[in-house]
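Notes follow the structure.
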Amino acid sequence: MSIRFFNTMTRSLQEFRPLEPGRVGLYTCGPTVYDYAHIGNFRTYVFEDLLRRHLRFRGYEVLQVMNITDVEDKIIRKTRMEGRPMSEVTAPYIEAFFQDLDCLNIQRAEHYPRATEHVDGMVELIRSLLAQGLAYRSEDGSIYFDISKFPEYGRLAHIQVEDLRSGARVAQDEYDKERAADFALWKAWDEGDGEVFWDRYPDLGKGRPGWHIECSAMSIRYLGNHFDIHTGGVDNIFPHHQNEIAQTEPCTGETFVNYWLHSEHLQVESQKMSKKLGNFFTLRDLLDPQANPSGRAWDPMAVRYLLLGTHYRSRLDFTFKGLQAAMETRQGLLDFLRRCRMQQGTESLDSEVAEEIEATRAAFVAAMDEDLNTPEALAALHALRREIHRRIDERTDLGRASGQAVVDLVLDLDRVLGLRLEEALEEPELLPEETAMIDERQAARKARDFARADRLRDELEARGIRLEDTPQGVTWKIDPSRR
RNA sequence: GGCGAUGUGGCCGAGUGGUCAGGCAAGGGUCUGCAAAACCCUCUACAGCGGUUCGAUUCCGCUCGUCGCCUCCA
């Protein structure tokens, strides 16, 4: 009955035990706001949202922090190119980021600290590292962490320091470091930085913080020296998270984080997303028929379903075919709920249905408890769907109470999945003329004037309203994209 | 070069040492005025080659394929 997570630190599934009973401190690496986030980024944010939702579903109080990196090389480059203050460059992307979170039904974290507002905290850490002799100043005035002073370096990433291939991606002579794997804590100002610098720390000199240090400073500030869970994409394991550990633990004298969770990357058509290949999609691209090759406006909840359809530690190959399937599957779930809601018969809850419901809940929770196994959790939901459909077909009616109980369960589980099922169930209203057309068709059918009835049905179909004749009467489904 | 993943039926995608994942698509059927929806059936999968085992898709080895990280990319 316990929750287990795959901890990158130990490379194994471990029972989750929070530092404080009933409470979870969660740090989730957030966006660098120099551009719109792409769907690969959102895979990670949806994973983190799912983690948060499941923990809350299981009764934990979650304190989540997500940083906003608003000072960084690419941002500075953009700032120089556009000749505007850095905050003006980042503001629209920060706003867009929150819009996209809402769009995907990602719950808000408790805090979204910005790097530029926590430089004091970072400086404090850097001073401590300097004082301990763990950091050094290079000739140009930049300050680097000396990884040779941290014996544990490489433990998270399972990397031997000697194996690091120096200069693999950056010409070593660009840096003034003692060894290639040392990382910047403070970058001395140079002309390329333009107006971006901090000069109120005389002991550090005019410059700006390195990237890794922000997460250490902000997590300490909001979550304390030692907290439960830290997450990010797999690419953050090394060097980012490894560096966070190295620079934080000597300052606090405590273990930094108990559980490291990392989500795998999303690929597009079996390849890494890149602007060059033209397979680079932002969420906005998927919602805009002009901006993606499918030429369709996709429902963000179809995107979310697609992301949930693959376990977070497996690579996910994004395809429009897959997105289509995800959309249809979620639609099938909604159709199922609508049908359940139409059940009218006896008031009492069928005991077998009650059993099915409990079994489904148990299977769903067990799957989620086991390292957030969403595919298996969804399978439990589909098993219920099939079973209940079958029962309704057999008896033509399940009973109002039983139907409602099924709906209640699924909506309850959607607190974890976040597929906006309840909202989607609030059917858009039909126009009075459309209601009249439906009534007219019913009259025509009664009079056995099927030609007329079918004509009316076609007209409604063209308006995005699909009619279905059932024993309980006529129902309809609305395709919002055709209205 | 170092470290590490992974290869499941038309597509996507869980999982397990010995009945079943699940979704989407396809074909057939039931139901229906016709549709739609739903249900039933079918498509009998686990890269290849060895090994361990009474038995392997599941464990081990090798081969092949794909992919990730190795300094600021979720």
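Just so it is clear: chains get the letters A, B, ... in the order the sequence lines come, proteins before strands, and each one is counted from 1.
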Watson-Crick and G-U pairing of RNA chain B written in dot-bracket, each distance under 3.5 angstrom, with | for inter-strand partners:
(((((((..(((.....[...))).(((((.......)))))....(((((..]....))))))))))))....

What is the nucleic acid contact for A/Ser263, judged by heavy atoms within less than 4.0 Å: base, sugar-phosphate only, or nothing?
nothing

What is the per-nucleotide protein-contact pattern of nucleotides 29-36 of chain B, from the 5' end, where B denotes a base atom under 4.0 Å from a protein heavy atom, S denotes such proximity for sugar-phosphate atoms only, and - denotes neither?
----BBBB

I need a per-nucleotide contact map over nucleotides 4-12 of chain B, read 5' to 3'. Cutoff is protein heavy atoms under 4.0 Å; write B for the base, S for backbone only, - otherwise.
-------S-

Side-chain N or O of A/Lys74 closer than 4.0 Å to phosphate OP1/OP2 of B/C73:
yes

State plainly whether the residues A/Arg391 and A/Glu352 are in salt-bridge range, i.e. N to O under 4.0 Å.
yes

Dump the intermediate steps for side-chain contact (heavy atoms from CB on, under 4.5 Å) on A/Trp186 and A/Leu129, then the final yes or no.
CA-CA 12 Å; A/Trp186 187 258; A/Leu129 293 169; over 6 Å; no

Whole-Å P distance, B/A45 and B/G22
15 Å

Which residues pass the side chain to side chain contact (heavy atoms under 4.5 Å, CB included) test with A/Asn7, not counting sequence neighbours?
A/Met9, A/Thr10, A/Gln14, A/Tyr259, A/Trp260

For A/Thr475, which contact category applies under a 4.0 Å heavy-atom criterion: base, sugar-phosphate, or nothing?
nothing

Scan residues 376-386 of chain A against RNA chain B and write down, sorted by residue number, each residue with any heavy atom closer than 4.0 Å; if none is found, say none.
A/Glu376, A/Ala379, A/His382, A/Arg385, A/Arg386

If the condition is salt bridge (charged side-chain N to carboxylate O under 4.0 Å, His left out), which residues does A/Arg400 pass it with, not counting sequence neighbours?
A/Glu347

B/C24 P sits how many Å from A/Glu328 CD, rounded?
8 Å

